[in-house]
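The structure under discussion appears below in the form of structure tokens.
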Amino acid sequence: MNASLPTQYEYNQVHDWMSKIQRPTPYRVGNARFHIKPRSIMYTFIFLAAIVVLIVYFLPNRTRRICFQEKEYISDTYPLTVPVLSPEGMTYQIALVADLDTDSRSPLTAYTWISHLLLGNLTISSDHRHVKIVFNKDTITLTSTLSQAGRGMELSDLVVFNGKLYTIDDRTGVIYQIKNNKTLPWVLLTDGDGNTSKGFKCEWATVKQGRLYVGGLGKEWTTNDGIIVNLNPQWVKSIGPKGDVIHLDWQKNYNALRHKTRTSYPGYMIHESAMWSEIHQKWFFLPRRVSHQQYEEVADERRAANMLLSTDDNFEKIDIRFVGDVNPTHGFSSFKFIPGTNDEIIVAIKSEENRGKIASYIMVFTIYGDIILSEKKISELKYEGIEFI
């Protein structure tokens, strides 16, 4: 049967119905009436989304991290207190932390170990030619009940990371936050590649690209006569702001420094201080001990160094400078770049352990080896960490 053609009335009905579907939805604002097409809304949304993406892309990396990866947010507050400008120059508050070794066991409280925090001020002149350092008379006692094999709180460095002050225990491997003069355990580092029950012998700490790096001695672990036991001290730990730990095998890096200084095994180099400079994009090391001879515990007390090493991140371009004359019993144990000096001026601590004599010293010099403040005795305690707070 042939289908009949639509009448004019039916055609008009269909046309009116289609017109209603295609016509944009009317909106009224006051006496005005306007239409918004769904397609226009879609195009506007895509355009605005593209603008947001472009804005975020061109924001500084740190801002993007704050906006979209809050779990990785890093506070770059440094130092923690505002420096004071005076006619003498810029004054910063500094802190030093002690490693009392076996004397860290509290003589007053059972199952408690102690350390000391020494505060002071460092003033650097506007021309960076003069530095004055004054310490408080009294120290702050830090305590902990954590230990390993009956020892603990042998604190070997101080570092500001993510807007907080931390210290590291070279006996238990615990990283403590220092807050309101109390030590709060944060992260436990284990020796070597991390698959051990022994705490990592933390010796130095620095911040690199938003992560905290903690390193060991940098030489093989040996007997008192220099026989190799393991390579655990040649590992470095990278810790994120939330406490995640990455174990890094630095044997190649440490050995590159030794090769440059001709101290490869059976010679050795002991590191207790290292810093990464974001400004120079280099690592800086002030080795505490350097020897071309095999390690021997008693002789090691008189093998201090006056060497400043710097290297690119690949440990391929290594530079050696010398800071003053060698004092065989005074070895570097910690250092920091003085803020506002373009990472060119260093304040450093030296430690002395010689036949039972214990002492600490402080000095200031440039990365080129020029001395600004000669070595000055601080205390007859062994301070092994310094930081601007």
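- For CD of E278, the number of neighbouring non-hydrogen atoms (other residues, nucleotides, ligands) closer than 6.0 Å is greater than 12.
- Listed by chain and number, the residues in a side chain to side chain donor-acceptor pair (under 3.5 Å) with S273 amount to none (sequence neighbours excluded).
- A salt bridge is defined here as a Lys NZ or Arg NE, NH1 or NH2 lying under 4.0 Å from an Asp or Glu carboxylate O, and R321 with D319 meets this definition.
- Ion pair D343/K282 not flagged as a salt bridge, since none of the NZ, NE, NH1 or NH2 atoms sits closer than 4.0 Å to an Asp/Glu carboxylate oxygen.
- In the displayed structure, F322 atom CZ is contacted under 6.0 Å by more than 12 heavy atoms of other residues, nucleotides or ligands.
- Under the 4.5 Å side-chain criterion, counting only non-hydrogen atoms from C-beta, V245 is in contact with L189.
- For the pair D325/N306, no side-chain contact is recorded, criterion being any heavy-atom separation below 4.5 Å from C-beta on.
- There is a side-chain donor-acceptor pair under 3.5 Å between T329 and E352.
- Looking at Y361 and M363, their side chains never come closer than 4.5 Å, going by heavy atoms from C-beta outward.
- For T263, the side chain to side chain donor-acceptor pair (under 3.5 Å) partners are T261, not counting sequence neighbours.
- Legend: residues meeting side chain to side chain donor-acceptor pair (under 3.5 Å) with Y268, ordered by chain and number and at least two apart, are D300, R303.
- For E387 and Y166, the side-chain atoms include no donor-acceptor pair closer than 3.5 Å.
- The pair K336-D157 counts as a salt bridge, with a side-chain nitrogen and a carboxylate oxygen less than 4.0 angstrom apart.
- Atom CZ of F332 sits about 12.0 Å away from atom CD of E272, to the nearest 0.5 Å.
- Sparse packing is recorded around NZ of K179, with 12 or fewer heavy atoms of other residues, nucleotides or ligands lying under 6.0 Å away.
- Summarising the local packing, CG of D244 is surrounded by more than 12 heavy atoms from other residues, nucleotides or ligands at distances under 6.0 Å.
- At a threshold of 4.5 Å between non-hydrogen side-chain atoms, the residues I94 and I389 do not count as touching.
- K182 NZ: 12 or fewer foreign heavy atoms inside a 6.0 Å radius.
- Within the model, atoms CG of L155 and CG of D169 stand 5.5 Å from one another, a figure rounded to the nearest 0.5 Å.
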For the pair F315 and W250, evaluate ring pair (Phe, Tyr, Trp, His ring centres under 6.0 Å) and give the outcome as yes or no after the intermediate values. CA-CA 10 Å; F315 286 71; W250 261 39; 5.2 Å; yes
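- Distance check: R258 CZ to H271 NE2 gives 8.0 Å after rounding to the nearest 0.5 Å.
- Under a 3.5 Å cut-off, the side chain of T183 and the backbone N or O of T143 do form a donor-acceptor pair.
- Between atom CG of residue L142 and atom OG1 of residue T139 there is a gap of 9.0 Å, rounded to the nearest 0.5 Å.
- Donor-acceptor pairing under 3.5 Å is lacking for the side chains of D193 and W235.
- The shortest distance between side-chain heavy atoms of I338 and H128 does not fall below 4.5 Å.
- Residues that satisfy the ring-ring contact (aromatic ring centres under 6.0 Å, His included) test with Y176, not counting sequence neighbours, are absent from this structure.
- The CZ atom of R171 sits 11.5 Å away from atom SG of C202, with the distance rounded to the nearest 0.5 Å.
- For S125 and D127, the side-chain atoms include at least one donor-acceptor pair closer than 3.5 Å.
- The side chain to side chain donor-acceptor pair (under 3.5 Å) test applied to E353 returns R288, K382, not counting sequence neighbours.
- Between T206 and W204 there is a side-chain heavy-atom pair separated by less than 4.5 Å.
- Linking Ile, Leu, Val, Met, Phe, Trp and Tyr whenever their side-chain heavy atoms come within less than 4.5 Å puts L188 and W113 in one cluster.
- The ring-ring contact (aromatic ring centres under 6.0 Å, His included) test applied to F388 returns Y92, not counting sequence neighbours.
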